[in-house]
Amino acid sequence: LLLLFAIFIGGMLRLGIVQTSPIPDTLYEQQVRFSGQMLYQPDRGELWEEGYAIGTIQSVATPDLRVKAKLLIRFHDSVRLHYGDHLEVKGELRQPKGQRNPGGFDYRTYLARSQVFGILYPHRNREIVPTHQSGFPPLRWTEWLRYRVESVIDRAYREIPVHALVLKGMLLGQRSALPQKILDAFQNSGTLHILVVSGSNVGLIAAVCFLIFSLLHFSRKMTCMLTIAAVVIFACLVGFGPSVLRASLMAILFLIAMIIDRDVDLFNLLAFVALTLLLFNPAQLGDIGFQLTFAATGAIIYLLPKWNRFTARILSNRRSPDGNPRSVLGKGWDGVMRWGVAAFGVSLSAQVGTSLIIAQTFYRAYPLSLVANLFAVGLAGPIVSIALISVLLGLIWLPLATPFVWANHLILLIFLKIIAFFGQPWGVIKTAPPSLGWIVIYIAGCLAIAHWGWVWERRKKAASRSESSWGWPSVSSRGL
């Protein structure tokens with residue numbers, strides 16, 4: 001208890017530090033000079049309309065007034081920039097706007113969670129030209145690799161450009177160029193987590209890489225080490241959002257445990273990753289991405305084993321008395337059924353864990369996502385696997401990727417048709433923010449359903465004791 005209390009106090013002190021702006025109020029709405037370096041932002045592409053930078057802010061009117069801070073720079077025109085570019089910029093510094101309406105989006109708080117406390121608007125008549133480039137060399141190499149991957153995807157899938165855009169969303173988290181109609185379909189169907197880089201993408205990449213390295217007959221330890229390297233490279237390619245960091249750390253620690261032959265408690269692993277991320281930035285606790293990724297993962301870890309035990313009892317009734325499938329066809333169908341119910345269990349568990357947060361934040365519910373994710377997640381695995389192979393071959397010589405590209409075109413056509421079918425506006429339910437009473441009822445109901453066997457046994461025992469106390473025969477003595 002003392003340790004937990006010390007961690008809590010330390011976290012609160014750290015939270016106060018990271019949420020304190022280093023920029024004095026007198027600098028806002030003033031002309032300033034900024035000298036600093038552009039930070040790593042892989043989702044920006046090569047032409048930046050805005051970007052985060054860290055450096056020195058100096059008042060034009062009072063040159064002695066200078067501070068070091070992290071800023072968001074908004075350019076009047078798109079500028080070709082890269083990570084590590086140094087800029088000398090003169091413009092107006094403004095404070096981010098806060099919450100305008102009760103329950104509305106608070107942009108100032110959103111930026112403060114990333115320790116950004118000001119927005120710089122450069123003068124329109126000044127050309128933005130980097131003076132030189134520095135930065136962490138591995139990240140500069142990763143940025144170059146990302147540009148190469150984007151180029152290969154664009155050239156390989158040029159026959160159907162929208163497929164290239166979808167793949168760049170699934171692999172690299174770049175969805176800004178996607179048509180709004182497709183984005184709306186993904187959002188309405190509750191499958192937007194596939195299109196944006198989330199923990200599921202990291203898990204999918206890790207699983208695909210582990211399978212590929214295993215098929216290449218690497219040893220178990222070498223397979224785990226190569227998969228760790230692939231996860232680290234992927235995390236650098238897509239950026240370090242809360243869901244990516246959570247999934248990457250969990251995957252790496254899990255693979256390390258496999259290397260040293262240790263069992264892993266997934267709840268302890270999830271708690272350790274959450275504590276690690278919050279120690280670096282406690283303000284993440286208020287980030288919706290942080291809340292959703294840990295709520296979904298915790299629900300899957302807790303509910304999926306119960307779902308699997310429940311469905312295993314049902315599917316076991318389909319077997320012959322000796323425990324084997326009735327026929328070859330029955331064996332194949334049994335495998336399909338087990339995969340289907342497991343995928344549905346993952347989707348159901350994630351929705352149970354995130355529904356309250358989504359309703360509280362977005363005032364929406366997505367009931368069709370239960371079925372949509374069953375098909376979408378099932379197709380996302382082959383799409384990502386084939387896309388990875390086509391990109392790797394395309395980096396060597398583009399024609400080598402052609403057979404895989406056309407196979408992926410076919411799967412992507414089916415994939416987008418399914419998303420469009422489930423992504424209709426009528427599939428979204430508008431809700432009011434749940435009250436405390438509804439939250440308690442929802443959690444109690446979910447726990448009761450998850451532990452229905454235990455609840456039923458307790459009810460039977462209570463009924464038996466009640467009947468015995470009135471002199472009535474118990475259930476066991478009735479011979480039923």
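The first residue in the sequence is number 1, and the count goes up from there.
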Tell me, with the steps shown, if Leu81 and Leu87 meet side chain to side chain contact (heavy atoms under 4.5 Å, CB included). CA-CA 10 Å; Leu81 290 174; Leu87 299 181; 4.0 Å; yes
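- In this structure, His451 has its ring center closer than 6.0 angstrom to the ring center of Tyr302.
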Ignoring hydrogens and angles, write down the donor-acceptor pairs under 3.5 Å from the side chains of residues 182-197, residues two or more places apart or on other chains.
residue : atom : partner : partner atom : Å
Asp184  : OD1  : Gln180  : NE2          : 2.9
Asn188  : ND2  : Asp184  : O            : 3.2
Asn188  : ND2  : Gly423  : O            : 3.2
Ser189  : OG   : Ala185  : O            : 2.8
Ser189  : OG   : Phe186  : O            : 3.1
Ser189  : OG   : Thr191  : OG1          : 2.7
Thr191  : OG1  : Phe186  : O            : 3.4
His193  : NE2  : Asn373  : OD1          : 2.6

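- At most 12 non-hydrogen atoms from other residues, nucleotides or ligands lie less than 6.0 angstrom from CZ of Phe421.
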Is there a side chain to side chain donor-acceptor pair (under 3.5 Å) between Gln351 and Ser369? Walk through the geometry before answering. CA-CA 8 Å; Gln351 182 150 340; Ser369 66; 2.3 Å; yes
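- Residues Ser78 and Glu49 share a closest heavy-atom pair of OG-CG, 3.5 Å.
- The backbone N or O of Ile383 lies less than 3.5 Å from a partner atom in the side chain of Asn408, making a donor-acceptor pair.
- Although no hydrogens or angles enter the test, the distance criterion places no donor-acceptor pair under 3.5 Å between the side chain of Thr361 and the main chain of Ile358.
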Step-by-step side chain to side chain donor-acceptor pair (under 3.5 Å) determination, Arg66 to Thr56: CA-CA 7 Å; Arg66 61 174 66 192; Thr56 302; over 6 Å; no
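- The line from OG1 of Thr227 to CZ of Phe254 is 11.5 Å long, rounded to the nearest 0.5 Å.
- By the 30° and 60° cut-offs, the orientation of the rings of Tyr40 relative to Tyr83 is perpendicular.
- Note that CZ of Phe294 and CD1 of Ile357 are 11.5 Å apart. Values are rounded to the nearest 0.5 Å.
- In this structure, the side chains of Leu400 and Ser390 stay at 4.5 Å or more apart for every pair of heavy atoms.
- Heavy atoms of other residues, nucleotides or ligands lying less than 6.0 angstrom from NE2 of His217 number 12 at most.
- Taking 4.0 Å as the cut-off between side-chain N and carboxylate O, Arg94 and Glu92 count as a salt-bridged pair.
- Applying the 6.0 Å contact sphere to CZ of Phe267 captures more than 12 heavy atoms from other residues, nucleotides or ligands.
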Do His409 and His163 pass the side chain to side chain contact (heavy atoms under 4.5 Å, CB included) test, and can you show the C-alpha distance, the side-chain angles, and the key distance before you say yes or no? CA-CA 7 Å; His409 274 313; His163 288 178; 2.8 Å; yes
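- Of all non-hydrogen atoms in Gly239 and Val244, the two that sit nearest each other are O-CG1, 3.4 Å.
- Residue-environment remark: CE (Met258) exceeds the threshold of 12 foreign heavy atoms within 6.0 Å.
- Remark: the Ser134 side chain and the Gln37 side chain contain an N/O donor-acceptor pair separated by less than 3.5 Å.
- Nearest heavy atom pair, residue Phe117 against residue Ser21, reads CB-OG, 3.4 Å.
- Under 4.0 Å is where a charged nitrogen must lie from a carboxylate oxygen, and between Glu50 and Arg44 at least one such pair does.
- Closest of all the heavy-atom pairs between Val32 and Leu120 is CG2-CD1, 3.7 Å.
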Check the pair Ile419 / Phe375 against side chain to side chain contact (heavy atoms under 4.5 Å, CB included), numbers first and verdict last. CA-CA 9 Å; Ile419 297 299; Phe375 295 100; over 6 Å; no
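- In this structure, Lys430 forms no cation-pi arrangement with Tyr363, as its terminal cationic atom is not both closer than 6.0 Å to the ring centre and no more than 45° off the ring axis.
- One distance of note links CZ of Arg33 with CD of Glu88; it measures 10.0 Å at 0.5 Å rounding.
- Put simply, CD on Gln58 and OG on Ser35 are 9.5 Å apart, with the number rounded to the nearest 0.5 Å.
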Decide side chain to side chain donor-acceptor pair (under 3.5 Å) for Arg364 and Thr431; before the verdict, give the C-alpha distance in whole Å, the side-chain angles of both, and the deciding distance to 0.1 Å. CA-CA 5 Å; Arg364 297 286 190 276; Thr431 64; over 6 Å; no
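- Counting heavy atoms from C-beta outward, Pro42 and Leu237 have side chains that stay 4.5 Å or more apart.
- Using modelled atom types, one side-chain atom of Arg262 and one backbone atom of Ile260 make a donor-acceptor pair closer than 3.5 Å.
- The shortest distance between side-chain heavy atoms of Ser347 and Leu374 does not fall below 4.5 Å.
- No side-chain heavy atom of Val377 sits under 4.5 Å from any side-chain heavy atom of Val346.
- Side-chain contact check for Asn308 versus Phe310: every heavy-atom pair is 4.5 Å or farther apart.
- Between Thr276 atom OG1 and Leu245 atom CG the span is 10.5 Å, to the nearest 0.5 Å.
- Leu412 places none of its side-chain heavy atoms less than 4.5 Å from the side chain of Val162.
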Any chance you could lay out the side chain to side chain contact (heavy atoms under 4.5 Å, CB included) test for Gln133 and Arg140, step after step, and finish with the verdict? CA-CA 10 Å; Gln133 188 179 31; Arg140 291 171 58 184; 3.5 Å; yes
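- Under the 3.5 Å distance criterion, with hydrogens and angles disregarded, no donor-acceptor pair is assigned to the side chains of Tyr110 and Asp287.
- In this structure, the side chains of Ile153 and Leu171 come closer than 4.5 Å at one or more pairs of heavy atoms.
- Residues Phe75 and Gly51 approach most closely at CE1-N, 4.3 Å, considering heavy atoms.
- Put simply, the side chain of Cys209 reaches to within 4.5 Å of the side chain of Phe213, judged on heavy atoms.
- Proximity of a side-chain donor or acceptor of Asn281 to a complementary backbone N or O of Arg113 within less than 3.5 Å is detected.
- For the atom pair CG of Leu39 and OH of Tyr52, the computed distance is 10.0 Å after rounding to the nearest 0.5 Å.
- Using a 4.0 Å cut-off between a side-chain N of Lys or Arg and a carboxylate O of Asp or Glu, Lys97 and Asp106 do not qualify as a salt bridge.
- Taking the six-membered ring wherever Trp is involved, the centroid distance between the rings of His82 and Tyr147 falls below 6.0 Å.
- Between the side chain of Ser349 and the backbone N or O of Gly345 there is at least one donor-acceptor pair closer than 3.5 Å.
- Across Gly427 and Pro367, no two heavy atoms sit closer than the pair O-CD, 3.5 Å.
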